[in-house]
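Step one of this worksheet: look at the structure below.
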Amino acid sequence: MPAGLFGEDATPPAPRLDAAFYVQVAVERGVDAEPRGFTYAVPEGVPSLGDLGVGDRVTVPLGRGDKPVQGFVVAVSDDPPAGVEAAKIKPVRGRLGLAVKLPADLVGLAGWMSRYYACPIGMTLATMLPASVKHGTGVSVRRSYRAAEGKRGSGEAEKRGSQQKTTKLQRAILESAGAGWVERKELLERAGAKTAGPLQKLLEAGRLEERSEEVVTGNLDAVAPPEADAAQRLEPAQRDAVNAIVSRFGSFHVDLLHGVTGSGKTEVYLQAIAKLRELEPQACVLVLVPEIALTPQTVGRFAARFGGSSGPGAAGVAVLHSGLTPGQRHAHWRRVSEGTSRIVIGARSAVFAPLPRLDLVIVDEEHDTGYKQDQLPRYHGRDVAIKRAAMAAGGRGCPVVLGSATPALESYARALPGKRRSEEAKKSGSQAGWSLLSLPDRVAGAKLPRVEVVDLARERRERKGVHLLSRRLEAAIAETLDGGGQVVLLLNRRGYANYIACPDAGCGWLLTCDHCDALGVYHRHDHVPAGRTERVSASGFRLPKGNVRCHHCGAERRLPTHCPDSGHKLSVFGMGTQRTEEELIRKFPGLLSGGGSAAGAASVTRMDADAMRSAADYQRALAGFVSGETEVLLGTQMIAKGLDVANVRLVGVVSADTALNLPDFRAAERTFQLIAQVAGRAGRGRDPGTVIVQTLVPEDATIASATRHDYAGFAERELGIREEAGLPPFTRMARVVCRDLNRRKAEAAIGAVHAELVAADAALGTGVAVTPPAPCAIERVADHFRFDLRMTGADAGAIQKLLAAVRSAGHLTSNAAMAVDVDPVSMY
DNA sequence: AGCACGCCGACT
DNA sequence: GTCGGCGTGCTC
């Protein structure tokens, strides 16, 4: 600046900050300050800020009002980066959570996620650190004391000390404390002091020294104490798989472990981990499972093999999932961060476990859509895990094992050596580092269950009345129960009935939600006071009272009795788990509902989101089924996962068609997965068991493949269809949804995004196809109108390039009005 | 995401 | 004449 410019009337220059150094801060706001956050100055001579580093949390002033906001340090530099006006740089206000910081490798991962999923980096970082860790839940300060070092103490303390008289209690405390550190509580006990008063006096007088340390008190009992669980003898295919995984140690590689249900995938994980720990005792392992609260059996096996998290000197398994109390979560997090627990098992968010190093990543049930987060940041746990593994060990990487009986076609296509490999895999060739490991058979000579198909259309023609259970299924249930076996029944639809309609064909009125473009679902009250029933159904059922619910917005209302248009009495039809339960009890009067309500009684337990309000409900229901107290387990897809009960001899799929008709290109894949997974619950013991699949379309190729346990055949055909249609996994997809209370605004917003995307694609030559905007399959949800568009590119890079351009120009935002979903798993 | 600034309707 | 509606734009 030229000298003399600032005369008396001119604005004085902003005083130059005496900055020791500068930090880039990603603020925990929706501020899309990609890629590097904002620059702040670290003032000279502030001791608590002197060693600020990547991953530390700070408070910084933001905006015109200098509103203090929290953020993460993502980079440190001696000088501010070029292009940032020096006058704009503000100083860091303070530091947060001295004991806790995010490991630098996670900060790097957040950078990748922020770019890949088009999400503000500050929000990405914020989701990596559990709230309980942020807030320091369950942290208490442990204070210990020792006698000050006698005469050597100089000046003040000495003087004040001599001014005061030493009471008897104070002398006792001084003696008890001695030269070593003694904890507060113990010290007072030893000295026989009832209050801390004398101790405080000594402290003030400088005759005692105090030391304090943070202790996380949250209990670690969430991991069951180890039971005996010896390594099992491996089948040849399992041994090959373990050997293959072991051969990858030390560098990045992805193995897709495709093993049929009951083929012993978990044992493969366990033995691979054991081998890794033999070779490298400090090795750290990350194990992801779809929803850990629902898989206590898996966690138990890991804990049994490698030690639980509680008990003396336990160095074993930590768990991180939503079922923990905040204190427990914090405690587990700390143990992981300190390197005390080197094996972490957890749900999606456990991919951010603060392990000090990473040597092996396992993603169990990798096809599960629960890995995809449906809120910001919309990441896929499996894909982030793979990226984290690739970035591990300073870029050298570590191996990943993806396990499933029904792999996602995205994974299968990359791992498959043959012709159906996706373009991406072909392009990068064998260095892509994906391979397929197969466990084609169940362990110990067990056989996959027999699968029968029942044609529901025919059943309806030949039989009067409403029957959710066909004659064949009913007979099989009777036979199984008579023989002392247990039954699993799957129906992937909650409630009693999903159509509430006018029986007059000429009227055709259907009850829909007032706030959504969706049908109301009739739910009975689960606990109806005795004798309170209400005649509703045209077919003559006496129904207990209930409500109509919308499964999209949660709105609830009373069940109307008459059609508002024609005045006819309404009828209720369609199928749901509650209705299946009712029919089951009607047809098997010996069964009692409510799982174990009456001691020793044979019973049916319904397991769906309505009946299972908490993880504890689920654990209880599961325990009842494992113990044999519950004979029939009926539920939605939550019963299809991981359940391993030897006495299950019959699995019934009440309707295989529920997922088949969804407006989603993955409908067939979902259907295959659901049938194959639930069928896998049968025949875990000696008897291979039977599976009965009810469907209106018995000739459907997907259902036929599932009945033959033919994943490869299904995949071959479905991949052919996907390739033909230019769908994933042969392409990559991203989706933008705009929503607004005002329909025209939502439409205008998506139109603007569409124009920007099309223009950017033309300018950059990314070759990404952008669909014209269209109303979503369910256009209105909770009074908001929704429009979407889809982008399809040859590979992830093309989509990324396009998104980055439009995003940095400010035309893509992630907020309540607009959502960007990269690699969407749900299309409606 | 917040929060401030700014330009158009119903009150003292 | 003002208070305040929420549309728009910016945050080192």
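Residue numbers start from 1 in every chain, and the chains themselves are labelled A, B, ... in the order their sequence lines are given, proteins ahead of strands.
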Return the value, rounded to whole Å, for the distance between atom [atom1] of [X] and atom [atom2] of [N].
{"X": "A/Asn815", "N": "C/dC10", "atom1": "CG", "atom2": "P", "result": "16 Å"}
{"X": "A/Arg36", "N": "C/dC12", "atom1": "CZ", "atom2": "P", "result": "18 Å"}
{"X": "A/Phe38", "N": "C/dC10", "atom1": "CZ", "atom2": "P", "result": "12 Å"}
{"X": "A/Gln70", "N": "C/dC12", "atom1": "CD", "atom2": "P", "result": "17 Å"}
{"X": "A/Glu28", "N": "C/dT11", "atom1": "CD", "atom2": "C1'", "result": "16 Å"}
{"X": "A/Asp32", "N": "C/dG9", "atom1": "CG", "atom2": "P", "result": "16 Å"}
{"X": "A/Leu376", "N": "B/dG2", "atom1": "CG", "atom2": "P", "result": "13 Å"}
{"X": "A/Ile121", "N": "C/dT11", "atom1": "CD1", "atom2": "C1'", "result": "16 Å"}

Side chain of [X]: nearest nucleotide among [options]?
{"X": "A/Arg29", "options": "C/dG7, B/dA1, C/dC12", "answer": "B/dA1"}
{"X": "A/Lys88", "options": "B/dA1, C/dC12, C/dG7", "answer": "C/dC12"}
{"X": "A/Arg64", "options": "C/dC10, B/dA1, C/dT11", "answer": "C/dC10"}

Toward the 5' end of DNA chain B, by each residue's nearest nucleotide, A/Ala816 or A/Gly65: A/Ala816
Would you classify [X] as touching base, sugar-phosphate or nothing, given that sugar-phosphate means primed atoms plus P, OP1 and OP2, and contacts are heavy atoms under 4.0 Å?
{"X": "A/Gly30", "answer": "base"}
{"X": "A/Pro80", "answer": "nothing"}
{"X": "A/Ser814", "answer": "sugar-phosphate"}

Establish, from distance only, whether the side-chain atoms of A/Gln70 and A/Thr59 form a donor-acceptor pair under 3.5 Å. no
Can you tell me if A/Lys67 touches the phosphate of B/dC3, counting only side-chain N or O atoms and a distance under 4.0 Å to OP1 or OP2? yes
Is the shortest distance from a Lys or Arg side-chain nitrogen in A/Asp795 or A/Arg732 to a carboxylate oxygen in the other one below 4.0 Å? no
Indicate, with yes or no, if the rings of A/His811 and A/His754 have centres closer together than 6.0 Å. no
Tell me if the centroids of the rings in A/Phe38 and A/Tyr22 come within less than 6.0 Å of each other. no
Counting N and O atoms only, with roles assigned by atom type, does the side chain of A/Arg735 sit under 3.5 Å from a partner on the main chain of A/Leu789, one being a donor and the other an acceptor? no
